[in-house]
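Data first, discussion second: the structure below is written as structure tokens.
Nothing here was measured: the structure is a model prediction, and the numbers come from that model. Protein chains get the first letters and strands the later ones, always in sequence-line order, with residue 1 at the start of each. Values below: every heavy atom of this structure, side chains too, minus hydrogens, waters and symmetry copies.
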Amino acid sequence: MSSEEKNPHAGENTGVVALPANTAWPVVLAFGATLCFASLVMNPGVGIAGIVLVLVALVGWVRQIFPHEHHEEVLVVAHTTIATTARTEVGRIELSEIQRSYLPIESYPITSGIKGGIAGGIAMILPAVLFGWLTQHSIWYAVNLLGGAGAAYWTNPTTAYIAAFHWSGLLIAVVIHAVICLLVGLLYGALLPMWPRHPILLGGILAPVLWTGVLHSVLWFINPAFANRIAWGWFAASQLFFGIVAGLVVARTGRIQTRQPLPFALRMGIEAKELMSTEQEDEK
Amino acid sequence: MSNLQSDLPMPIQGTLESEKARRSRSTALLEWLQGWLVTVDHKRLGILYILYSIFFLLVAGAEAIFIRIQLAIPNNHFLTAEVYNRFFTMHGTTMVFLVGMPILFGFANYVVPLQIGARDMAFPRLNALSFWLTAFGGMLLYFSFLGGGLYGAGNAPDVGWFAYAPLTARTFSPGNATDYWALALIVSGFGTLGTAVNIIATIFSMRCRGMTLMRMPLFTWLYLVVSGLTLVTITPLTAAQFMLLIDRYLGGHFFDTQAGGSALVWVHFFWIFGHPEVYVLVLPAFAIANEIIPVFSRKAIFGYPAMVAASVGIMFVSLGVWAHHMFTVGMTSVTNAFFVLSTMLVGIPTGIKIFNWIATIWGGRVRFQTPMLFCLGFLYQFLIAGLTGIMLSVAPMDWQLHNSYFVIAHFHYVLVGAIVFCIFAGLYYWYPKATGRMMSERLGKWHFWLFVIGFHITFDTMHFLGILGMPRSIYTYQPDRGWNTLNLIVSVGGFIQGIAVLIFAYNFIVSYFKGDVAGDDPWDAWTLEWTTSSPPPVYNFAEEPEVRSRRPLWDLKHPYDTDWEYEG
Ligand code: HEM
Ligand SMILES: [Cu+2]
């Protein structure tokens with residue numbers, strides 16, 4: 001390679017540009033290879049032709065790139081366009097002040113929702129176990145109702161079976177309970193900025209009512225056996241318990257500033273170094 | 001042969017013109033043809049890919065029309081059962097492998113180097129090889145219509161585009177039709193792999209000065225993701241095809257349950273390929289929308305980093321959902337639950353994207369030209385498609401709907417409603433760049449409206465047929481099932497789409513000769529391909545461009561209000 005062709009793809013504007021030369025070998029190689037494969041269902045002659053083409057093409061291809069890659073010099077035709085636009089005016093989207101005032105300046109951190117979910121989940125065990133004890137004289141009843149939802153081989157279990165202790169029921173129930181509590185807590189945390197002043201109202205009352213309503217309408221599809229035995233009054237009560245405990249935990253964590261007062265570009269995650277530095281300078 | 005090599009002048013405009021006068025017309029024509037045959041220019045190869053795919057789009061579209069004529073009325077005898085099977089197999093295989101993949105790689109070939117300010121792909125000769133492998137693979141598939149008959153019993157493949165075992169065993173698929181299917185996909189698969197490697201190398205090593213990864217146009221980003229995904233999806237398919245051939249000819253038993261193999265292994269292999277494959281097809285559609293929606297809304301894309309992250313997220317998640325195609329094979333409940341959840345997970349990054357596109361349009365000064373219209377159709381339809389997908393991902397629901405027309409409706413909503421719509425959008429958008437002429441807006445609007453109406457008549461209705469229990473892949477049905485009217489409606493919609501596509505084809509050809517002259521930058525766009533002339537010179541850029549932001553042309557056009565002040 002001559003020094004000028006060092007990088008054929010990114011040359012300087014010297015009047016000529018070296019580009020890879022046209023070549024027939026790729027198409028010949030492709031055709032040969034296709035014939036080789038096709039010969040498996042046609043006849044050996046096709047395969048022999050294919051192999052010959054492949055070999056010829058390979059030799060030709062190698063000779064194209066060794067010792068010197070074939071290039072073509074193409075004359076650069078001056079083409080100077082200056083990118084212009086008729087639309088020189090730049091509009092900016094204005095957010096009205098009213099729109100902003102809906103967005104809270106302070107809210108609870110999302111992690112507080114998760115903490116609330118964990119606390120609520122632990123607290124909720126109490127009413128659930130109480131329910132089993134009072135209705136079936138078994139602390140495992142509620143556990144197995146939940147755990148049985150995930151154990152597909154528990155087909156049509158009897159009440160006595162559900163009331164007894166089962167490792168599988170306990171393990172599955174713990175997993176389901178933990179995952180759902182964490183997810184609900186996360187959702188709670190994410191929703192908090194929508195109603196930042198009343199975490200207990202949101203988490204303690206509104207969310208349990210909605211959640212119970214949703215489950216009430218879909219549980220028949222998800223798990224008919226569970227739906228058969230569930231006591232909705234107890235269920236709603238334990239949801240409320242969960243919600244209130246979670247709400248209390250959230251209310252106890254301090255509020256933090258939301259990102260609303262920050263400039264729009266920053267909130268969008270645009271890496272705005274310039275913007276940030278000017279901001280800071282302004283503050284100084 | 002060797003004189004073909006290199007020393008002929010590149011048939012670029014200008015160089016060829018002077019010669020033309022001296023030579024007779026037929027030599028000029030031959031030379032022109034030869035120029036295309038031996039080209040290594042990414043733009044020409046891109047155009048070849050696209051023309052090749054549009055040709056097969058018409059072919060497979062015609063097959064679909066035949067299928068719909070057959071199903072329009074009950075107890076129809078327009079096609080025999082055997083021919084019907086061949087047609088839906090060829091329709092599906094063609095649309096996925098000979099239309100979807102090559103046209104999307106065609107776009108990549110044409111646009112990616114221009115967008116990143118490069119002179120060509122990283123491996124121009126490999127690029128040519130890849131195209132020709134794909135092309136010959138497609139021809140081999142269609143040769144089966146002749147060859148399947150000439151060299152053994154049977155005809156074109158008739159085992160469905162997913163070719164489930166044991167139907168593909170020699171006992172049930174005598175003759176060579178199934179072999180043609182496997183061989184054609186092996187050959188074109190190698191082409192696809194070559195292109196994927198090439199795109200990755202190009203994006204990593206050929207970006208112009210200043211173009212960091214986070215300044216790359218989203219189009220290019222998505223092709224990076226798609227190419228990575230292609231490398232890991234095509235390989236299992238190719239492996240499975242080889243296993244199939246071994247079963248058929250060398251006495252293997254991979255998929256032969258009676259001899260200790262497992263038909264299910266094929267199903268797993270196929271969908272480990274097949275599901276990521278559908279994302280290989282849809283991510284380029286996103287790529288096109290990512291270019292068009294901002295330009296036609298006159299706003300920068302909303303949430304660029306989130307878009308990149310969502311694309312990479314989709315790539316990873318899509319590798320772990322394949323068995324949602326297999327809820328009915330009898331997996332354990334844990335496996336079912338896993339694939340239900342992982343499938344639903346895809347909804348999150350996908351949702352992020354949809355919100356970001358809407359946020360891009362929001363408050364923008366939208367221009368409802370043909371490319372944008374198709375993108376808007378895409379947005380709406382892709383949303384619905386995602387929602388029916390989530391419905392199907394619920395295992396008990398899928399037990400009811402699997403292999404019904406509901407599934408057909410779901411995936412055509414994605415493949416046509418999203419992907420084909422974006423392909424059309426992209427064709428209208430880059431046509432002026434590639435040819436120097438605009439496609440007719442008026443015909444474009446006719447095309448869009450007929451297509452969107454036909455689409456909804458056909459595919460909305462199919463959902464109901466599926467819920468009413470009509471299975472897929474049946475060649476006819478009894479009149480007492482309550483499907484008659486709906487089927488007729490579906491077929492009518494198919495014809496309307498057919499007319500729309502013909503209008504497009506007419507527009508595509510006639511505009512090349514008669515369209516308005518486009519100029520370099522007809523859409524007032526922002527990425528580097530619009531700085532070159534239309535069509536661009538062979539070398540793309542006389543000087544290597546240098547960029548300072550994601551929208552280099554915006555910066556040039558608005559020197560007092562540049563993007564790089566904000567992007568940093
Ligand atoms: C949120 C996104 C999506 C979800 C949740 C989803 C879910 C599903 C499910 C569960 C099935 C299996 C139905 C069955 O066979 O019983 C299915 C089938 C299918 N989906 Fe999707 N899907 C989604 C997006 C897509 C995309 C983006 C594409 C294409 C680019 C696509 C193409 C297909 C195809 C081709 C089939 C059927 C294949 C066949 O049986 O021949 N889907 N989808
Ligand atoms: Cu899938």
Side-chain angles (χ1 to χ4, degrees), chain A residues 8-13 17 19-31 33-35 37-38 40-43 56 60-61 63-65 70-72 74-79 81-88 90-91 93 150-153 221 265 268-276, chain B residues 1-2 4-6 8 10 12 14 35 37-40 118-120 124-125 128-129 132-133 135-137 140 147 151-152 176 179-180 183 186-187 190-191 206 245 298 303 305-306 333 363 365 396 520-521 524 530-533 537-539 542-544 553 556-558 561 565-568:
Chain A
H9 307 301
E12 295 296 281
N13 186 10
V17 176
L19 290 173
N22 280 351
T23 162
W25 300 123
V27 59
V28 176
L29 181 59
F31 189 61
T34 309
L35 287 188
F37 279 107
L40 296 176
V41 287
M42 290 182 182
N43 62 54
V56 171
W61 191 320
R63 288 192 35 203
Q64 263 244 319
I65 46 179
H70 284 212
H71 279 129
E72 253 159 32
V74 181
L75 221 66
V76 174
V77 187
H79 170 83
T81 24
I82 295 126
T84 50
T85 177
R87 298 161 227 270
T88 45
V90 179
I93 295 172
Y153 54 90
F221 301 105
M268 284 327 304
I270 295 172
E271 312 102 88
K273 278 193 210 104
E274 322 248 321
L275 209 68
M276 276 160 92
Chain B
M1 261 295 144
S2 61
L4 283 184
Q5 276 183 7
S6 64
L8 289 164
M10 288 265 265
I12 337 145
L37 206 64
V38 300
T39 187
V40 292
R119 290 234 160 103
D120 206 318
R125 296 175 197 83
L129 175 70
W132 290 109
L133 280 172
F136 289 131
L140 187 60
Y151 299 95
N176 292 133
D179 305 319
Y180 276 103
L183 292 169
I186 289 173
V187 172
F190 283 125
M206 315 264 301
L245 290 176
R298 313 304 311 153
S333 52
R365 198 153 289 163
D520 296 352
D521 179 23
D524 197 357
W530 306 103
T531 51
T532 62
S533 58
V538 255
Y539 45 80
E543 273 175 86
E544 190 190 338
L553 257 71
L556 281 178
K557 292 170 182 175
H558 305 274
D561 199 349
E565 288 172 50
Y566 301 99
E567 279 173 14

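With respect to chain B, the highest number of heavy-atom pairs below 4.5 Å among L35(A), L75(A), T34(A) belongs to T34(A).
The side-chain heavy atoms of Y539(B) and V76(A), taken from C-beta on, include a pair separated by under 4.5 Å. Considering only heavy atoms from C-beta on, V538(B) comes within 4.5 Å of L19(A) through its side chain. Between M42(A) and F37(A) there is no side-chain heavy-atom pair separated by less than 4.5 Å.
With a 4.5 Å cut-off on non-hydrogen atoms, V40(B) touches chain A through its backbone and its side chain both. When heavy atoms are compared at a cutoff of 4.5 Å, I65(A) approaches chain B solely by way of its side chain, counted from C-beta outward. Of the atoms belonging to L140(B), it is side-chain heavy atoms, and not backbone ones, that fall under 4.5 Å from chain A. Looking at R298(B), only its side chain comes within 4.5 Å of chain A, counting heavy atoms on both sides.
Taking all atoms of both residues into account, the shortest heavy-atom contact from M206(B) to D120(B) is CE-O, 3.1 Å.
Evaluation of the ring pair (Phe, Tyr, Trp, His ring centres under 6.0 Å) rule for F190(B) yields no partner, not counting sequence neighbours.
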